[in-house]
*Asks:* 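What follows is a single structure, and I will ask about it in a moment.
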There are 2 protein chains.
Amino acid sequence: MMKKSEEDVQLLEGMSSLDNVIEMAEKLKLLGDKTRLTMLILMKSRDLCVCEFVEILNMSQPGVSQHLRKLKSLGLVNETRKSQWVYYSLNVEDKPYIKAVLDHAPDLSTLLKTMEERGRPVCD
Amino acid sequence: MMKKSEEDVQLLEGMSSLDNVIEMAEKLKLLGDKTRLTMLILMKSRDLCVCEFVEILNMSQPGVSQHLRKLKSLGLVNETRKSQWVYYSLNVEDKPYIKAVLDHAPDLSTLLKTMEERGRPVCD
DNA sequence: TAACAATATAATCAATTGCTTATATAAATA
DNA sequence: TATTTATATAAGCAATTGATTATATTGTTA
């Protein structure tokens, strides 16, 4: 087998770095939508089920489900079924730059509380 | 003038938080594109002019200019003309979450050096 | 001042996105 | 088991995006 020249190695390293940049951009693209970013920030307070997102975000249930699917497909959230409800939770402990973004995000816990007080869906 | 109720105040505060989320999402959307993210990471090493981006990213000059315009319009970069060249530089010191993202980004300084060694544009 | 080099803007277009409505699936309950 | 509730998937569509080529602008230099 032919030995790699230093230049080749450097090029290959450059390539894999670029792959990592692309992967990073894909995740950041998910944060670059106001609906999904709001969802992620809300999940800092607690896990939420789909119908809660529907109420808070005031959008159609399929719309919410599709955003959650994208977040799940890139590993930013986990889903847990609790009888009829599916709860979504943050999964960013091992993604430092996403965690950093969410740490600096505006606080939406007041908004969440407000919705809770106005009679939210039962959810268990 | 009518006094605001506590509920109104809470609602209004909620609103402004949402505005901040939207503003945050707009900036993150800029990072959610592989070309622009690469540009920002490259500028961590040093300021670059348009024609350097064109060479490194291997795309059309107008394409590069339009990405830079978006970054400038949201205040993520500054531009400085040096005779015929326009240099772009990072302006993220006052944007902690963007800084955090770039701090965690893959290192592209090797890629930049490689391009420099292969005879880059003169640029002063 | 004419030609050139670097950059910006305009016009265009295919691909992607974020939403909707309609429909399917899954679990709980009468 | 039939109905209801929660969620997911499919299909469709207008708006946005990221690229291109063509053209305008700005500064340098012969």
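A, B, ... follow the sequence lines: proteins, then strands. Residue 1 opens every chain.
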*Asks:* Take B/Lys29 and B/Glu26, measure what side chain to side chain contact (heavy atoms under 4.5 Å, CB included) needs, and give me the verdict at the end.
*Replies:* CA-CA 5 Å; B/Lys29 183 174 289 181; B/Glu26 278 176 2; 5.7 Å; no
*Asks:* Can you tell me whether the side chain of A/Gln61 and the base of C/dT21 have a donor-acceptor pair closer than 3.5 Å?
*Replies:*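 Result: no qualifying N/O pair found.
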*Asks:* Between residues 31-41 of chain B and DNA chain D, which residues have a heavy-atom gap below 4.0 Å?
*Replies:*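 By residue number: B/Asp33, B/Thr35, B/Arg36.
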*Asks:* Can you tell me how far OG of A/Ser60 sits from CD of A/Gln66, rounded to the nearest 0.5 angstrom?
*Replies:*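 Atom-to-atom, A/Gln66:CD and A/Ser60:OG are 7.5 Å apart.
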*Asks:* Could you tell me which non-hydrogen atom of B/Asp94 sits nearest to which non-hydrogen atom of B/Asn91, and how far apart they are?
*Replies:*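 Closest approach of B/Asp94 to B/Asn91: OD1-O, 4.0 Å.
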*Asks:* Which nucleotide in the list C/dT9, C/dT7, D/dT7 gets nearest to the side chain of A/Ser65?
*Replies:*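 So the side chain of A/Ser65 is nearest to D/dT7.
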*Asks:* For the pair B/Thr35 and B/Val64, evaluate side chain to side chain contact (heavy atoms under 4.5 Å, CB included) and give the outcome as yes or no after the intermediate values.
*Replies:* CA-CA 9 Å; B/Thr35 303; B/Val64 166; over 6 Å; no
*Asks:* Please determine whether a side-chain nitrogen of the Lys or Arg among B/Lys27 and B/Glu23 lies less than 4.0 Å from a carboxylate oxygen of the Asp or Glu.
*Replies:*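 Salt bridge present between B/Lys27 and B/Glu23.
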*Asks:* Determine the minimum heavy-atom distance between A/Val77 and A/Leu68, stating which atoms define it.
*Replies:*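 Reported closest heavy-atom pair: CG2-O, 4.2 Å.
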*Asks:* Taking atom P of D/dT21 as reference, at what distance in whole Å does atom CE of B/Met59 sit?
*Replies:*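 Roughly 11 Å, once rounded to whole Å.
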*Asks:* Could you state the atom-to-atom distance from NZ of A/Lys29 to P of C/dA15 in whole Å?
*Replies:*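 These atoms are roughly 15 Å apart.
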*Asks:* For the helix from C/dT1-D/dA30 to C/dA30-D/dT1, how many degrees between its two end axes (five pairs per end), to the nearest 10°?
*Replies:*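 Roughly 10° between the end axes, to the nearest 10°.
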*Asks:* Reading nucleotides 24-30 of chain C from the 5' end, what letters show protein touch, with B for base, S for backbone sugar-phosphate only, - for no heavy atom under 4.0 Å?
*Replies:* ---SS--
*Asks:* Rounded to whole angstrom units, what separation is found between the CG atom of A/Asn58 and the C1' atom of C/dC19?
*Replies:*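 Computing the A/Asn58:CG to C/dC19:C1' distance gives 13 Å.
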*Asks:* Specify the closest pair of heavy atoms between A/Ser45 and A/Ser109, including all atoms of both residues, with the distance to one decimal.
*Replies:*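 Heavy-atom minimum between the residues: OG-CB, 3.6 Å.
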*Asks:* Nearest-Å distance, CG (A/Leu57) to P (C/dC19)?
*Replies:*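 To the nearest whole Å, that distance equals 9 Å.
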*Asks:* Does a side-chain N or O from B/His67 land closer than 4.0 Å to OP1 or OP2 of D/dA19, or not?
*Replies:*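 Yes, because at least one side-chain N or O of B/His67 sits under 4.0 Å from OP1 or OP2 of D/dA19.
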*Asks:* Does B/Gln66 contact D/dT17 through a side-chain donor or acceptor facing the base, at a distance under 3.5 Å?
*Replies:*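 Side chain to base: no pair below 3.5 Å.
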*Asks:* Under 4.0 Å, heavy atoms only, any strand: does B/Phe53 hit a base, just the sugar-phosphate, or nothing?
*Replies:*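 It contacts nothing in the nucleic acid.
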*Asks:* B/Leu68 has an atom CG; how far is it from atom P of C/dA6, in whole Å?
*Replies:*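 My rounded result for the distance is 16 Å.
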*Asks:* Starting at atom CG of A/Leu30, determine the distance to atom C1' of C/dG18, rounded to an integer number of angstrom.
*Replies:*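 These atoms are roughly 13 Å apart.
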*Asks:* Measure OH/A/Tyr87 against P/D/dA6 and give the value in whole Å, please.
*Replies:*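 The answer, rounded to whole Å, is 11 Å.
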*Asks:* Do you know which two heavy atoms are closest between B/Val54 and B/Met59, and how far apart they sit?
*Replies:*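 Scanning both residues, the minimum pair turns out to be CG1-O, 3.3 Å.
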*Asks:* Over how many whole Å does the gap from B/Glu26 atom CD to C/dG18 atom P extend?
*Replies:*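 Going from CD in B/Glu26 over to P in C/dG18 covers 14 Å.
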*Asks:* Looking at A/His104 and B/Tyr97, what are the two nearest heavy atoms and their distance?
*Replies:*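 So the minimum-distance heavy-atom pair works out to CB-CB, 3.8 Å.
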*Asks:* Indicate the atoms forming the closest heavy-atom contact of A/Lys70 with A/Arg36, along with that distance.
*Replies:*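 Taking A/Lys70 first and A/Arg36 second, the nearest heavy atoms are CD-NH1, 3.6 Å.
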*Asks:* Does B/Ser60 have a side-chain nitrogen or oxygen under 4.0 Å from the phosphate oxygens OP1 or OP2 of D/dA19?
*Replies:*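 For D/dA19, neither OP1 nor OP2 has a side-chain N or O of B/Ser60 closer than 4.0 Å.
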*Asks:* Please check this pair: side chain of A/Glu52 against backbone of A/Cys49, looking for a donor-acceptor N/O pair closer than 3.5 Å.
*Replies:*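 Looks like yes, one N/O pair under 3.5 Å.
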*Asks:* Would you sort out whether A/Met39 and A/Leu48 count as a side chain to side chain contact (heavy atoms under 4.5 Å, CB included), showing the intermediate values?
*Replies:* CA-CA 9 Å; A/Met39 289 171 136; A/Leu48 283 92; over 6 Å; no
*Asks:* Considering every strand and a 4.0 Å limit on heavy-atom distances, what is the contact class for B/Lys70: base, sugar-phosphate, or nothing?
*Replies:*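 Sugar-phosphate, backbone atoms only, no base.
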